[in-house]
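This report refers to the structure that appears directly beneath it.
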Amino acid sequence: MATDPNADREVAPNFITQHIDQDLKAGRFDTVVTRFPPEPNGYLHIGHATAICLDFGVANDYQGETNLRFDDTNPTTEDPRFVDAIEQDVAWLGFSWKRKRFASDYFETLFGLAVRLIEMGDAYVDDRSLEEIRETRGTVTTPGVASAARDRSVEENLTLFHKMRAGEFPDGSHVLRAKIDLASPNMIMRDPVLYRIRRAHHYRTGDAWPIYPLYDFAHPLSDALEGVTHSLCTLEFENNREIYDWLVARLFDPPRPRQIEFARLNLAHTVVSKRQLLRLVEDGHVRGWDDPRMPTLAALRRRGIRPSAVREFARRVGITKTNASTPVELLDSAVRDDLNEVAPRTMAVLDPIPLRFEGPAPAATLEASLWPHDVPMEGSRSLSMGDRLWVERDDVAVDAPKGWKRLAPGAVVRLRHGPLVRCTDVEVRDDRVEGVTVEVVPEAEGKPQGVIHWVDHATGIPAVFHLVNPLFQDAQPDLSQPLGELINPDSLQVRSGFVEPYAAVQDADVRFQFERQGYFWKDPGAPEGDLVFVRIVTLKDGWQKRTRQVEPVRTQPKPKKTPQASDFVDRTPDMVASLTPEARKRFEALQAEGLDDADAVRLAGDDQLAGWVQDAVAAGLPAALAANWLLNELPRVQQGRPLGELAWDSGTFTNLLKLLHEDRVTAAAARQMLGVLVDDPQDPAVLMQDLGLEKLGDDAALKAWVTEVLAEHPDRVEAFKGGKTGLRGFFVGQVMQRSQGRADAKRVGELVDEALAS
RNA sequence: UGGCCCGUCGUCUAAUGGCAGGACAACCGGUUUUGGUCCGGUCGGUCGGGGUUCGAAUCCCUGCGGGCCAGCCA
């Protein structure tokens with residue numbers, strides 16, 4: 001039985017937890033502190049929910065803690081009512097924060113840090129207009145130009161900055177800017193603005209401050225002040241990480257917080273952007289922030305979705321860096337799974353037509369279970385069945401299509417929890433079914449074609465049903481179009497029908513399954529006294545699926561892409577042509593050593609790389625071997641660090657290659673050693689001895705391992721012989737593991753082939 | 001166009017140089033007094049090209065496609 005090895009974790013391992021694991025192992029931190037940093041300028045939505053589950057979830061998994069921090073640095077857009085709403089939503093999801101903080105708590109501290117930055121010569125006051133600053137920032141392809149303000153003295157900057165704070169300048173007349181690099185390819189590093197003058201009333205600090213810090217300044221420093229270790233945010237902040245690191249490195253000692261970005265959630269058929277949601281509300285396309293069609297947490301809550309379902313949804317979606325769009329079906333499925341075992345089964349007719357009995361009516365009080373056979377819950381309610389009932393219009397057909405399991409002339413169905421009936425007549429007006437007549441048939445008389453639900457005419461209670469459907473017609477709405485044209489006209493359907501009495505009298509928080517219809521609960525937003533049920537989610541409907549208009553998406557193999565001319569381009573000649581004269585010389589020298597142009601040109605572009613190859617050649621090694629390891633093997637352990645940042649030198653590299661060249665170690669072992677040597681240079685021969693990595697020359701031992709491995713996995717041997725040839729790698733890998741990289745993999749491969757052939 | 005990031009079944013996501021697996025969707029069947037649930041099965045994928053390697057989804061190069069950045073928003 002395969003059990004989930006991560007069942008005890010809230011967040012399944014992902015690239016972020018891997019970073020955390022590494023940081024913890026490296027001793028960079030000894031605890032995990034995260035934060036959830038909403039700006040109080042709107043309601044939280046399902047996208048935030050995934051972020052919340054991540055922030056709080058990983059902290060819980062690592063016995064760490066999470067702060068709720070309101071990033072309230074822009075007084076013109078923020079409102080305390082959102083603070084309350086956000087707290088409510090986070091708590092509703094089931095998370096509790098260690099500390100509640102506001103960026104505005106830190107205004108005084110942040111001001112002090114800004115002063116220090118000025119004192120270090122890393123920030124200056126610019127007194128030019130917004131337009132001027134914009135124009136001189138340059139473009140993505142052209143560098144920006146400095147203003148005279150950039151060269152102000154520290155004293156002058158200090159004076160000006162204090163005057164900014166004292167309110168001596170008008171709004172927008174001065175800003176504090178970091179002094180970084182106006183030519184940076186990262187636009188955010190072109191002297192980003194840190195403070196602006198904004199004489200606006202802040203909901204928390206009142207009129208105490210005429211200047212406010214910007215996100216890029218306040219956020220990293222707030223993280224550092226709170227002792228946050230891992231600052232998880234969405235992909236659009238990737239470019240901001242550079243300023244984050246820049247500021248924190250200047251103003252704080254280690255351990256410094258670290259920003260990691262992940263992809264935000266996109267849900268099909270809806271929008272998850274505060275701006276767009278605001279538009280929906282303000283333009284009246286929905287009835288408010290908690291309109292059940294909205295993706296806000298307030299709306300999901302009103303719709304009856306439980307927090308456990310949202311958390312399960314977040315778990316199923318996972319965390320990656322891929323920009324992706326999640327289908328709503330994934331949410332629906334999580335909601336159904338969440339409700340299946342807790343929702344008592346009851347009956348409601350949403351589009352009622354009368355059912356009359358021909359002959360004797362059953363007239364009975366039935367004791368009907370609230371739970372189906374497969375839900376381990378107990379309980380029942382009594383149902384009275386009089387001589388007239390309500391049934392669903394869709395459950396009656398004049399001409400039964402193929403596969404019809406409901407009422408149609410002559411057809412026998414069961415009335416749920418009641419008798420079998422045969423349809424004797426269908427009343428039709430204007431092509432619409434308006435009523436049905438049935439006769440009771442004895443139990444013995446054949447199998448019913450199906451089961452339909454009903455509500456008793458005499459005791460049934462009138463109710464209104466709100467059927468919530470996707471808000472947008474298109475999975476990926478084109479938001480440049482007017483919203484009115486994008487909205488699904490059936491996003492909210494209102495029906496008037498009847499429920500059985502039981503459903504009307506239960507507590508407000510009970511989620512029902514109306515059999516064959518879906519999960520519903522009483523709309524908590526309905527006017528007092530009105531009986532309104534909102535549909536949380538439909539049931540999966542095999543019939544509707546079969547008959548619906550849209551063609552189901554057929555799964556068919558993608559056409560094999562035909563190779564394009566552009567697939568075969570060789571950039572090498574271009575690269576050779578654009579070599580500097582100096583690099584050109586190196587290129588020719590490497591060529592002379594027998595390297596092909598592609599390798600030579602890449603090495604020639606780097607003085608150091610080219611030198612290392614020459615050193616290896618001087619030591620009697622083939623240039624191609626050195627080039628191969630430098631170009632193809634080194635990057636694996638380099639992890640983006642330039643060659644110069646690695647601790648080792650060309651001599652260590654050459655000695656490693658020598659061992660390999662002299663056949664004293666295998667390539668696998670050499671790779672292992674490479675990982676150690678770059679950071680911890682030493683004599684590779686000694687390292688080889690220490691790790692016991694000398695190449696194994698003993699064919700007999702290899703054979704023994706091969707036999708052993710094959711004997712241990714008879715099922716896989718069978719599968720291999722059945723055509724699953726990919727298993728060859730598995731067998732070789734097993735033997736390699738046993739030899740700890742000391743066996744000659746090529747030879748092992750041969751032995752495996754031999755053994756499997758017999 | 002400069003820089004950064006991302007491309008795995010229809011969709012979402014695993015596999016960290018060694019068996020391409022799971023979920024959702026779809027399809028077929030079984031159980032069922034819900035066309036639900038549950039169970040069994042089927043279909044279906046590493047963006048193209050080249051390289052490194054005994055072995056590549058994974059490392060390297062390159063092409064293609066997508067996202068982000070030129071707010072005194074966050």
Which letters describe nucleotides 67-74 of chain B, given B = protein heavy atom under 4.0 Å from base, S = only from sugar-phosphate, - = neither? SBSBSBSB
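- Helical stems in RNA chain B, defined as runs of 3 or more consecutive Watson-Crick or G-U wobble pairs with donor-acceptor distances under 3.5 Å: B:2-7 with B:64-69, B:10-13 with B:21-24, B:26-30 with B:38-42, B:47-51 with B:59-63.
- Every residue was checked against the side chain to side chain donor-acceptor pair (under 3.5 Å) condition with A:Q734, not counting sequence neighbours, and none meets it.
- Following rounding to the nearest Å, A:D570 (CG) and B:G48 (P) show an atom-to-atom distance of 20 Å.
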Please enumerate all protein N or O atoms sitting under 3.5 Å from an N or O of nucleotides 53-55 of chain B, with distances to 0.1 Å.
residue: B:G55; atom: O6; partner: A:R671; partner atom: NH1; Å: 3.4

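- Ring-plane geometry between A:F169 and A:H174 is classed as parallel, the angle between the planes falling under 30 degrees on a 0 to 90 degree scale with a further cut at 60.
- Every residue two or more places apart in sequence or in another chain was checked for a side chain to side chain donor-acceptor pair (under 3.5 Å) with A:Y212, and none qualifies.
- If A:W404 and A:K724 are placed on RNA chain B by their nearest nucleotide, the residue sitting closer to the 5' end is A:K724.
- Heavy-atom distances to RNA chain B give each of A:E443 and A:V569 a nearest nucleotide, and the one nearer the 5′ end belongs to A:E443.
- What separates CZ of A:F568 from C1' of B:C64 is a distance of 13 Å, to the nearest Å.
- The base of B:U34 sits with one of its N or O atoms less than 3.5 Å from a complementary donor or acceptor on the side chain of A:R345.
- Contacts of A:L634 with the nucleic acid, taken as non-hydrogen atoms under 4.0 Å apart, are absent.
- For the side-chain contact (heavy atoms from CB on, under 4.5 Å) test, residues two or more places apart in sequence or in another chain that qualify with A:S333 are A:R316, A:D337.
- A:L710 has its CG atom 14 Å from the C1' atom of B:C19, to the nearest Å.
- The salt bridge (Lys or Arg N to Asp or Glu O under 4.0 Å) analysis of residues 734-743 of chain A, with sequence neighbours excluded, yields the pairs A:E708-A:R738, A:E712-A:R738.
- Residues passing the salt bridge (charged side-chain N to carboxylate O under 4.0 Å, His left out) test with A:R716: none are found, sequence neighbours excluded.
- Distance CZ (A:R336) to P (B:C38): 11 Å, rounded to an integer number of Å.
- Using a 4.0 Å heavy-atom cutoff across all strands shown, A:K321 reaches sugar-phosphate atoms only and no base atom.
- In this structure, A:E261 reaches neither bases nor backbone, as no heavy-atom distance under 4.0 Å exists between it and the strands shown.
- Take A:E515 and apply the side-chain contact (heavy atoms from CB on, under 4.5 Å) test, not counting sequence neighbours, and it matches A:R345, A:R416, A:H417, A:Q513.
- Tested against A:E39 for a side chain to side chain contact (heavy atoms under 4.5 Å, CB included), the candidates A:I86, A:T73, A:T77 yield a single pass: A:T77.
- Among residue pairs with one or both ends in residues 723-745 of chain A, those qualifying as ring pair (Phe, Tyr, Trp, His ring centres under 6.0 Å) are A:H713-A:F730; sequence neighbours excluded.
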With a 3.5 Å cut-off and sequence neighbours excluded, list the donor-acceptor pairs that the side chains of residues 213-222 of chain A form with protein atoms.
residue: A:D216; atom: OD1; partner: A:N240; partner atom: ND2; Å: 2.8
residue: A:H219; atom: ND1; partner: A:R69; partner atom: NH2; Å: 3.4
residue: A:H219; atom: ND1; partner: A:D71; partner atom: OD2; Å: 2.8
residue: A:H219; atom: NE2; partner: A:R35; partner atom: NH1; Å: 2.8
residue: A:S222; atom: OG; partner: A:A218; partner atom: O; Å: 2.6

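- Base orientation of B:G71: syn, since the glycosidic angle falls within 90° of 0.
- The interatomic distance linking A:N14 (CG) with B:C6 (P) rounds to 14 Å, in whole Å.
- Considering only residues two or more places apart in sequence or on other chains, A:W371 meets the ring pair (Phe, Tyr, Trp, His ring centres under 6.0 Å) condition with none of them.
- Across the protein-nucleic acid pair, A:R9 atom CZ and B:A14 atom P stand 13 Å apart, rounded to whole Å.
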